[in-house]
Amino acid sequence: MPEKKIVIAIDGYSSCGKSTLAKSLARKLGYAFIDSGAMYRAVTLYALRHHLVKDLIPDEEAIINSLGQINITFQYDRETEKNTTFLNGENVEEEIRKLEVSENVSPVSAIREVRHEMVRQQQRMGQEKGIVMDGRDIGTVVFPNAELKIFMTASPEIRAQRRYLELFQKGLEVSLDEIRKNIESRDHIDQNREESPLRQAIDAVVLDNSHLTPDEQLDWAYRKAIELIERNDR
Ligand code: DC
């Protein structure tokens, strides 16, 4: 493996497999993987538990004042080969994936101060490079100089089906219709918020994975990454 490490930013719509790709790409390259959405989900879980958000309406001031009490960390679990999210030392990996969090996360993540704090922490995690981070604003705001930027997309029907299957396998019962509505509403809020909305960076390569298997998309991204790592190494 060449010595010089790069930063890989993966952005895109909700539920189009960003984390799946980011995780497998990081593993293949021996890089760190950070799911930035998990950080916004953890803040949202904190807000829900402290009654600082209800029915998609966040108490912005109270959430901003709580930021100092929210400590988010990640740990790699060797057994499950998964990254686990911790909120103030508690494993919240499962809880942050629940629909109540999904429903409230976009309004919470639209709060400017919340974004500033998360971006600051994300930039710190990427200081040493050798990182794959997925989210909505990674290639545009967090790492505008990332060597590889991938913008992922897939049709809304396929995304809803994939999410449905994922939740079903975890034993969580949600209707396909509820999921589709949640995906559409999150896409809308994420694209139209004032602070760092979801946008394709001009230097991003687009990956529509509607008809690709996880292995096919990994091969595609890995080849792109190696090309850039080698160029960066010269
Ligand atoms: O990737 P995800 O679906 O788990 O992200 C959950 C929410 O967090 C998403 O609806 C928007 C927000 N988010 C964001 O605003 N910026 C990021 N970099 C990542 C996620």
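Note that ligands are numbered from 1 as they come in the structure, with each ligand's atoms numbered from 1 the same way. Each residue takes its place number in the sequence, starting with 1.
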J.: Only one of R159, E184, R136 forms a side chain to side chain donor-acceptor pair (under 3.5 Å) with S14, so which one is it?
T.: R136
J.: Would R186 count as a polar contact of ligand 1, with the cut-off being nitrogen or oxygen pairs under 3.5 Å?
T.: yes
J.: Do any N/O atoms on S15 end up under 3.5 angstrom from N/O atoms on ligand 1?
T.: no
J.: Less than 4.0 angstrom from a charged side-chain N to a carboxylate O is my criterion; do K149 and D137 meet it?
T.: no
J.: At what distance is the nearest protein heavy atom to atom 4 (O) of ligand 1, and which residue and atom is it?
T.: R41 NE, 2.7 Å
J.: Is E93 paired with R97 through a side-chain N to carboxylate O contact shorter than 4.0 Å?
T.: yes
J.: Does D177 pair with K181 as a salt bridge, N-O distance under 4.0 Å?
T.: yes
J.: Using non-hydrogen atoms of the residue, decide whether Q122 is closer than 4.0 angstrom to ligand 1.
T.: no
J.: Look only at interatomic distance and state if D190 has a nitrogen or oxygen under 3.5 Å from any nitrogen or oxygen of ligand 1.
T.: yes
J.: Are the side chains of F151 and V205 in touch, meaning some heavy atoms are under 4.5 Å apart?
T.: no
J.: Check ligand 1 against D137 and write out every atom of the ligand that is under 4.0 Å from a heavy-atom position of the residue.
T.: 16 (N), 17 (C), 18 (N)
J.: Quick test: of every protein heavy atom, which one is nearest to atom 12 (C) of ligand 1, and how far off is it to 0.1 Å?
T.: S109 OG, 3.4 Å
J.: Students should be able to answer this: which protein heavy-atom is nearest to atom 19 (C) of ligand 1, and at what distance?
T.: S36 OG, 3.3 Å
J.: Nearest to atom 17 (C) of ligand 1 by heavy atom, E103, R136, R193: which?
T.: R136
J.: Would you mind checking if R231 and E147 are paired as a salt bridge, meaning a charged N to carboxylate O distance below 4.0 Å?
T.: no
J.: Among protein heavy atoms, which lies nearest atom 20 (C) of ligand 1, and at what distance?
T.: G37 CA, 3.5 Å
J.: Answer whether the closest heavy-atom distance between the side chains of Q191 and Y13 falls below 4.5 Å.
T.: yes
J.: State plainly whether the residues E95 and R49 are in salt-bridge range, i.e. N to O under 4.0 Å.
T.: yes
J.: Need the ligand 1 atom indices (1-based, order shown) with element for anything under 4.0 Å from a heavy-atom of S106.
T.: 10 (O)
J.: Starting from atom 16 (N) of ligand 1, find the nearest protein heavy-atom neighbour and note its residue, name and distance.
T.: R115 NH2, 2.9 Å
